[in-house]
Asks: 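Sharing a structure below in structure tokens format, with a few things to ask.
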Amino acid sequence: MPVNQMTSKEVTRKVINKEPLFILDVRNENDFQNWKIEGENFKYLNVPYFELLDGVEGIMDQIPADIDVLVVCAKEGSSIMVADMLSEEGLTVSYLKGGMKAWSEHLEPIKVSDLKDGGELYQFVRIGKGCLSYMVVSNGEAALVDAARMTDVYLDLAQEIGANITQVLDTHLHADHISGGRKIAEATAATYWLPPKDATEVTFQYQPLEDGNEVTIGNTTINIHALYSPGHTIGSTSFVVDETFLLSGDILFIDSIGRPDLAGMAEDWVGDLRETLYKRYKDLSEKLIVLPAHFMIIDELNDDGSVSEKLGILFAQNHGLNIEDENEFRKLVTENLPLQPNAYQEIRETNMGKINPDEEKQREMEIGPNRCAVR
């Protein structure tokens, strides 16, 4: 039987459409338990590749014949070999092109909404890592927010829709992924904005993003208001776009809240985090649609694959926004935290411009799940 290739984009469509898929993951058990491809109707079998070197006869009765089968490994090679063995046994199977490295890097552009004055808002879903980034478009100009290092996706979409990227913004100094903001700004001659309290150690020039800033996109002026909202980092800044959308960075997510410990300042910043969530955000309209910089679990995806929710609903349903006792809140965000992101100190230094790892090293630094949230 033939062995087929399945791309990360094709797997992403199965996630969004809630299609069934059986995944045979041949990575080591620890790698699989730590991070895997998630889908509402996905089923899994984890058997390390080295246990299959003598053949796949021992697992044939565990692989279904009535749904698509995908073999997954870290880089692709092992999954091709296992898929070939399954094919020789008469099964029709696919392998994931580029392996989990490719899955980590895939960005899926989704149009979130039209804007009041004829513009558009796009969300880029990094499905394998839980990162979210944004493009605000108006009258042939575009602003990028929290761009990933896979810059071609943004440049390609801008070209496709006939927009020039003129502004690039990061809501904070990222610790879980390498920002593509500076690279895109250099390639397009765009202005790069960064919160100055997060930029005290950066080695490059930037425009300081401070409370009250307004960044204009296009001739019809869409104002992106900077809202100082510390807590995840001391400089974390939110944006209200088109008086309709709250880009919350890593402060507030759909089913969780930001963690304050990635710069080693949890005890110092927990008060800022509570102040932002329980006071600054409380002063905003509950009708604002929250667009975060990450999602934590696959259940947070909407039917079209986007991630969003009204602020009022989050105040009613998000546990992190409903802890009356301040000491209990402090315990939530300083104790029993999930593991910190892979190579997060190196990622921070890269985003400061202090180090410049090559492309392969950057891929290795980012491998793994989103760990910017606490629930």
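Just so we're clear, the structure is a prediction, and the values are computed from it rather than from any experiment. One-based numbering along the sequence shown.
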Asks: Test side-chain hydrogen bond (donor to acceptor under 3.5 Å, both in side chains) on S308 and N302; report intermediate values, then the result.
Replies: CA-CA 7 Å; S308 66; N302 299 323; 3.1 Å; yes
Asks: Given side chains that start at C-beta, do those of R280 and E275 come closer than 4.5 Å, heavy atoms only?
Replies: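 Side-chain contact under 4.5 Å: yes.
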Asks: Counting neighbours of CD on Q205 that are heavy atoms of other residues, nucleotides or ligands and sit closer than 6.0 Å, is the number greater than 12?
Replies: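 Counting other residues, nucleotides and ligands, CD of Q205 stays at 12 neighbours or fewer.
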Asks: Between E366 and R149 (salt bridge meaning N to carboxylate O under 4.0 Å), is one present in this structure?
Replies: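 Between R149 and E366 there is a salt bridge, with a charged N closer than 4.0 Å to a carboxylate O.
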Asks: Does a side-chain heavy-atom distance below 4.5 Å link E108 with I110?
Replies: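 Yes. Closest side-chain heavy atoms under 4.5 Å.
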Asks: Above 12 or not: heavy atoms from other molecules or residues under 6.0 Å from CD of Q5?
Replies: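 Correct, the count exceeds 12.
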Asks: Is there a donor-acceptor pair under 3.5 Å between the side chain of S248 and the backbone N or O of V290?
Replies: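 No: the side chain of S248 does not pair with the backbone of V290.
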Asks: Got a salt bridge between K354 and E201, using NZ or NE/NH1/NH2 to carboxylate O under 4.0 Å?
Replies: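 Yes.
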Asks: Compare all side-chain heavy atoms of H225 with those of F239 and state whether any distance is below 4.5 angstrom.
Replies: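 Sidechains of F239 and H225: no contact.
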Asks: Residues in ring-ring contact (aromatic ring centres under 6.0 Å, His included) with Y278, at least two apart?
Replies: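 If we apply the ring-ring contact (aromatic ring centres under 6.0 Å, His included) test to Y278, skipping adjacent residues, the hits are F329.
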Asks: Has E29 got more than 12 heavy atoms of other residues, nucleotides or ligands less than 6.0 Å from its CD?
Replies: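 No, not enclosed.
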Asks: Using 0.5 Å steps for rounding, measure from the CG atom of L173 to the CD atom of E349.
Replies: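 Nearest 0.5 Å value for the CG-CD distance: 10.5 Å.
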Asks: Calculate, to the nearest 0.5 Å, the distance between atoms CG and CG belonging to L169 and L144 respectively.
Replies: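 Output value for this atom pair is 8.5 Å.
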Asks: Any heavy-atom pair between the side chains of V241 and Y134 that's under 4.5 Å?
Replies: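 Y134 does not reach V241 side chain to side chain.
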Asks: Roughly how far, to the nearest 0.5 Å, is the CE atom of M100 from the NZ atom of K129?
Replies: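 Result: 10.5 Å between the selected atoms.
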Asks: Does the side chain of Y192 pick up a donor-acceptor pair with the side chain of Q207 at under 3.5 Å?
Replies: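 Side chains of Y192 and Q207: no pair found under 3.5 Å.
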Asks: How long is the straight-line distance from NZ of K9 back to NZ of K97, given to the nearest 0.5 Å?
Replies: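 With rounding to 0.5 Å, NZ (K97) is 13.0 Å from NZ (K9).
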Asks: Just so I know, are the side chains of I23 and K36 near enough to count as touching, which here means a heavy-atom distance under 4.5 Å?
Replies: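 SC-SC contact between I23 and K36 ruled out.
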Asks: Checking S238 against Y281: is there a side-chain donor and acceptor pair closer than 3.5 Å?
Replies: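 Looking only at side-chain atoms, S238 and Y281 do form a donor-acceptor pair, the distance falling under 3.5 Å.
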Asks: For atom CG of D283, is the number of surrounding heavy atoms from other residues, nucleotides or ligands below 6.0 Å larger than 12?
Replies: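 Buried by this count: over 12 neighbours within 6.0 Å.
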Asks: For atom NZ of K310, decide whether the heavy atoms of other residues, nucleotides or ligands shown that lie under 6.0 angstrom number more than 12.
Replies: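 No, because the 6.0 Å sphere around NZ of K310 holds 12 heavy atoms or fewer from other groups.
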Asks: What donor-acceptor contacts under 3.5 angstrom involve side-chain atoms of residues 40-50, with partners at least two apart or in another chain?
Replies:
from, atom 1, to, atom 2, distance (Å)
N41, ND2, K18, O, 2.7
Y44, OH, I37, O, 2.7
Y44, OH, G39, N, 3.4
N46, ND2, D25, O, 2.9
N46, ND2, R27, O, 3.1

Asks: With E309, which residues qualify under side-chain contact (heavy atoms from CB on, under 4.5 Å), at least two apart?
Replies: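 Applying side-chain contact (heavy atoms from CB on, under 4.5 Å) to E309 gives I254, I313, L314.
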Asks: Indicate yes or no: at least one non-hydrogen side-chain atom of L121 is less than 4.5 angstrom from one of L291.
Replies: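 Yes, close enough: below the 4.5 Å cut-off.
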Asks: Which side-chain N or O atoms in residues 75-83 pair as donor and acceptor under 3.5 Å with protein atoms at least two apart or in another chain?
Replies:
from, atom 1, to, atom 2, distance (Å)
E76, OE1, G98, N, 2.8
S79, OG, E76, O, 2.6

Asks: Would you say D325 has more than 12 foreign heavy atoms packed within less than 6.0 Å of its CG?
Replies: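 Atom CG in D325 is crowded, with more than 12 foreign heavy atoms closer than 6.0 Å.
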Asks: Give a yes or no on whether the backbone of E57 and the side-chain of E89 come within a donor-acceptor separation of less than 3.5 Å.
Replies: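 No, E89 side chain to E57 backbone: no donor-acceptor pair under 3.5 Å.
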Asks: Going by heavy atoms in the side chains, are F32 and V72 under 4.5 Å from each other?
Replies: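 No, their side chains stay 4.5 Å or more apart.
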Asks: Apply side-chain hydrogen bond (donor to acceptor under 3.5 Å, both in side chains) to Q33 and list each qualifying residue two or more places apart in sequence or on a separate chain.
Replies: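 In terms of side-chain hydrogen bond (donor to acceptor under 3.5 Å, both in side chains), with neighbours along the sequence ignored, Q33 is linked to no residue.
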Asks: Does either side chain, that of D304 or that of S306, offer a donor lying less than 3.5 Å from an acceptor on the other one?
Replies: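 Note: D304 and S306 side chains meet the donor-acceptor criterion.
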Asks: Just wondering, are more than 12 heavy atoms of other shown residues or ligands nearer than 6.0 Å to CD in E324?
Replies: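 12 or below, so no.
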Asks: Measuring from M296:CE to I257:CD1, what's the distance to the nearest 0.5 Å?
Replies: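 Answer for the CE-CD1 pair, M296 versus I257, is 10.5 Å.
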Asks: Quick check on the hydrophobic clustering: are I355 and I178 connected, directly or via other members, by side-chain heavy-atom contacts under 4.5 Å?
Replies: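 Result: no, two separate clusters.
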Asks: Please identify each residue that fulfils ring-ring contact (aromatic ring centres under 6.0 Å, His included) with F124, with sequence neighbours left out.
Replies: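 Once residues adjacent in sequence are excluded, the partners of F124 under the ring-ring contact (aromatic ring centres under 6.0 Å, His included) criterion are Y154.
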Asks: Would you check if the distance from the ring center of H174 to the ring center of H294 is below 6.0 Å?
Replies: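 No: the rings miss the under 6.0 Å criterion.
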Asks: Using the salt bridge (Lys or Arg N to Asp or Glu O under 4.0 Å) rule, take E120 and K111 through it: C-alpha gap first, then chi angles, then the decisive distance, then the call.
Replies: CA-CA 7 Å; E120 301 96 38; K111 183 177 176 180; 5.1 Å; no
Asks: Is a salt bridge present between K197 and E210, judged by a nitrogen-to-oxygen distance below 4.0 Å?
Replies: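 So K197 does not pair with E210 through a salt bridge.
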Asks: Under a 4.5 Å cut-off applied to non-hydrogen side-chain atoms, are L227 and L284 in contact?
Replies: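 A side-chain contact exists here, since the closest heavy-atom pair is under 4.5 Å.
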Asks: How far does CG of L155 sit from CD1 of I165, to the nearest 0.5 angstrom?
Replies: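 So the CG of L155 and the CD1 of I165 are separated by 5.0 Å.
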Asks: Quick check on side-chain hydrogen bond (donor to acceptor under 3.5 Å, both in side chains): which of T350, D146, D170 does S179 satisfy it with?
Replies: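 Output: one option passes, namely D170.
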Asks: Can you label the angle between the F204 ring and the Y206 ring as parallel, tilted or perpendicular, going by 30° and 60°?
Replies: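 If you compare the ring of F204 with that of Y206, the planes turn out perpendicular.
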